[in-house]
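To start, the structure under review is shown below, and the notes come after it.
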2 protein chains.
Amino acid sequence: MTPNPREAIGRRKTELDTPCLLIDLDRLDENLQKMQGRVKAAGKALRPHAKTHKCSTLAKMQIANGAIGACAAKIAEAEALVAAGISGVLLTGPVAGRPKADRLVALLERAPFLIAVVDDPAGIELLEARLAAAGRRLDVLLDLDVGQHRTGVPPARAAALAETIRACPHLRLRGVQAYAGHLQHIPRYADRKLASREALRQAAAVFRELRERASSCDIFSGSGTGTARIDLAIPELTELQAGSYALMDAEYLAIESADGSEEADYAPALTLLTTVVSGPHGRQVTVDAGLKAIYRDGGKPRVIHPDYRRLQYEWFGDEYGRLVAPDRACLLPAPGTVLELIVSHCDPTVNLFDQFLVTRAERVIDVWPIDLRGRCQ
Amino acid sequence: MTPNPREAIGRRKTELDTPCLLIDLDRLDENLQKMQGRVKAAGKALRPHAKTHKCSTLAKMQIANGAIGACAAKIAEAEALVAAGISGVLLTGPVAGRPKADRLVALLERAPFLIAVVDDPAGIELLEARLAAAGRRLDVLLDLDVGQHRTGVPPARAAALAETIRACPHLRLRGVQAYAGHLQHIPRYADRKLASREALRQAAAVFRELRERASSCDIFSGSGTGTARIDLAIPELTELQAGSYALMDAEYLAIESADGSEEADYAPALTLLTTVVSGPHGRQVTVDAGLKAIYRDGGKPRVIHPDYRRLQYEWFGDEYGRLVAPDRACLLPAPGTVLELIVSHCDPTVNLFDQFLVTRAERVIDVWPIDLRGRCQ
């Protein structure tokens, strides 16, 4: 029988079966409070993105800390958040195609205050028709493309799209979304600041215009972990969508923080345990975490063991990684040794697991289901 | 409510919610029969790797076609195969650490004929101690490192390790495993042939020596989809572990096949459906399959729609991809358009989904749970 993950409660980290994902609860608490404190001090709201941690338990903790809800990237994620009793869900990806429109309309039955985004006249027309057929109403944000060219309309086409929305009796325009995903990992803080200010400047102008025309336009949602401190200074922005600050990863730890130091703004609360399964093979050993346990994206995983932190993680197939010694002075761990890694890109890595083992003082104290895992529809 | 995947049965491909994974049943049947026919003609056995498709339903189809069992990379996969009633399971990854040793021993209760691999004296000692404590016996293969330096011992150290195994009353040495994972994707067939022959030559010598010493040494397991036709000519090899031939992917389709043509030996039975969700953004559109729906590894996904096959898939974040037109003559699909892609590397991509939608003649006829999904422990 596959062991029940809750059997891990009470065990020390080094006694755990691997690979598994750990959350250090003290670090997580600290990250949540730090971000919420900054957002509050700036007079803004926080609606953190759940696509990062994919865990309704964690989303509820963010809400308990003062967040006004949670963002979802996909309808399947929104469904799981609603099923867990979370209100204030914002669906940040535009809806296209009949199956998605029908699921969104069906979800309104249990989540009447759900907010969606739109960026296309045909998508709006489809949504309006399905809402009319179901006799429901939906709040929407106009999704603005601020340079990533992924979703959204260019600011110059925003006024026309706003007119299309206003012509739909079952849609209510609540404001704009402008997410500059392409700027979040710019290494130098000064460069990131310049780029984010410029990206959001035009979005702010669109928002001011919409707000003047309708009092229902009171939401300007955007920002991420990389630009959060920068964007808090933008007067028009009303709420932040940042998500990675809660768990962090090697990718975000590698960018310069606001004070210009290499010390990150937030601490790595998420780690992955792996076991050495074979070796030494020359100057390397093989570990049990490969492509299916750490997503190969956004920088390399980092070993955080005091004796072995100079070892370099390298990809080694679906089930394996290798830890390579940079020189002969660097010791190699024996088979059976359990090591802790900071993962590369947290979002897709979390999506590979079914639960977090929550630790405090080196021991597992709880297990949180990653209930949004695999919800890519 | 999240829709039940079985509601898709009877629908046409273009009516499906996306992203989702499809298996074309006719192509799958053809692939399974082709490989089994070749293996049988060579007088060998096939024990296909389930780490590729992670689906016990598919493993049972392979067995119905003549396979002698299934390979598992992790104990969690082996547990799922055994739970599904599959016998003849070979665990291809060496066991390290107490939690894994205990799970392996526990699994023997329901799968007494399970075979494991070993590559390390300390691992063997641990296993022997746990087997003795439980009063169980285990068949093992000696894992040989034939050049990948991932798991296994070099052939020169095989005799000493065989002695270590023979000294353990609860272990029975059944033969060798030699998998040349690093050679499977060598583009030119002639180069691949040369490399695989050389890699398996030394393993064959080790196997002959072991076989002379003990009649229980009757298994020489190895090979993959890239070298299967080459390795069938090696007299000592008794069984193949190939897995990807069943579903195929862009990575395997890109290598030269045995007849020197660019036509692959096996047909792409696995595809992924995605919907255009935004655009056009210049010469590109955005689709709803990103890092969390297609694993970013091993070549780029290919669009197989007749009107849009010249579009290039590019990575565009956790939830999105983009389809880029190489020139102005290439049409862009409108938001809502559903497109079919061949995925890049099948194993980690399959691991992102909970089910396959099985199609025949453009319609869904069945849903198969990916019951080994996420089983990385």
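Reminder, nothing fancy here: chain letters follow the sequence lines and each chain counts from 1.
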When you compare the side chains of Asp371(B) and Ser56(B), does any donor N or O come within less than 3.5 Å of an acceptor on the partner? yes
List in chain and number order the residues that pass salt bridge (charged side-chain N to carboxylate O under 4.0 Å, His left out) with Asp249(A), two or more places apart in sequence or in another chain; answer none if no residue qualifies.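 Asp249(A) satisfies salt bridge (charged side-chain N to carboxylate O under 4.0 Å, His left out) with no other residue.
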Taken in chain and number order and not counting sequence neighbours, the residues that satisfy salt bridge (charged side-chain N to carboxylate O under 4.0 Å, His left out) with Arg322(A) are Glu314(A)
Chain B-proximal positions within residues 282-297 of chain A [heavy-atom distance under 4.5 Å]: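 Near chain B, by residue number: Gln284(A), Thr286(A), Asp288(A), Leu291(A), Lys292(A), Ala293(A), Ile294(A), Tyr295(A), Arg296(A), Asp297(A).
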Salt bridge (charged side-chain N to carboxylate O under 4.0 Å, His left out) partners of residues 90-99 of chain B, not counting sequence neighbours, each pair once: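 Sorted pair list: Arg98(B)-Asp102(B).
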Considering residues, nucleotides and ligands other than Glu15(A), do more than 12 of their heavy atoms fall under 6.0 Å from its CD?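 Enclosed: over 12 neighbouring heavy atoms sit under 6.0 Å from CD of Glu15(A).
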Looking at Glu125(B), I want to see if its CD is surrounded by more than 12 non-hydrogen atoms of other residues, nucleotides or ligands under 6.0 Å. no
Counting heavy-atom pairs under 4.5 Å with chain A, which one of Val277(B), Thr151(B), Asp119(B), Thr337(B) comes out on top? Thr151(B)
Region of [X] that comes under 4.5 Å of a non-hydrogen atom in chain A:
X	answer
Phe316(B)	both
Lys51(B)	both
Thr275(B)	side chain
Leu16(B)	backbone

